[in-house]
Structure formats: C-alpha cells, structure tokens
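Contents: one structure, followed by commentary.
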Amino acid sequence: MGEGQEGRIHHVRAGELDTDTAQTAGMRRAAAIAGATTGSTALWMGEARVAPGTVTAAHHHGHSESGIYVV
C-alpha cells in the first residue's frame with residue numbers, strides 16, 4: 001500500500017474501474033486495484049477482456065504480483 005494507506009479497505013465498484021492503464025494489442029484492461037486506484041504498490045487486479053480467437057501481444061507484469069481468473 002502507498003504511504004498513508006495502511007489498514008484501509010477499498011471497495012472498487014464495477015463502474016469505477018480505471019481504463020487509463022497499460023494496454024496491449026488484443027487485450028483491453030481496466031484496473032480495480034492498482035497504484036492509481038488504491039495506492040497499491042505491488043498488486044494489480046482488474047478486468048482483462050480478450051475476444052475469442054485473439055492472442056495478446058507480449059507483455060510483462062513488472063514487480064507486481066498477478067492472479068488470473070478465467071471466465
């Protein structure tokens with residue numbers, strides 16, 4: 001968490017996702033938990049949409065932890 005964020009709970013609603021985040025060809029991302037939305041420094045969680053048959057371009061996650069839930 002960023003400075004002054006310790007112990008805070010953040011409820012990020014679907015309508016509050018931040019689309020001003022890194023984008024890669026073939027994928028559209030919207031951040032829920034990230035530096036800009038909650039002050040997170042090592043975790044990014046959000047929504048990523050990929051159309052059927054699409055392959056995302058090469059990318060990296062830097063120093064962030066990652067989790068994936070596929071629907």
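It should be emphasised that the depicted structure is a prediction, and the values quoted were computed from it without experimental measurement.
For residues 50-64, no pair satisfies salt bridge (charged side-chain N to carboxylate O under 4.0 Å, His left out), with sequence neighbours left out. Screening residues 51-64 for salt bridge (charged side-chain N to carboxylate O under 4.0 Å, His left out) gives no qualifying pairs among residues at least two apart or on separate chains.
The salt bridge (charged side-chain N to carboxylate O under 4.0 Å, His left out) test applied to E47 returns R49, not counting sequence neighbours. For Q23, the side chain to side chain donor-acceptor pair (under 3.5 Å) test picks out R28, with sequence neighbours left out. In this structure A48 satisfies the side-chain contact (heavy atoms from CB on, under 4.5 Å) test together with M27, R29, sequence neighbours excluded.
Between V12 and A32, the closest heavy-atom pair is CG2-O, 3.4 Å. When all heavy atoms of S40 and I33 are compared, the pair lying nearest together is CB-CG2, 4.0 Å. Between A31 and T21 the shortest heavy-atom distance is N-CG2, 4.2 Å.
To the nearest 0.5 Å, atoms CE (M45) and OG1 (T38) are separated by 10.5 Å. With rounding to the nearest 0.5 angstrom, the OG1 atom of T37 is 9.5 Å from the CH2 atom of W44.
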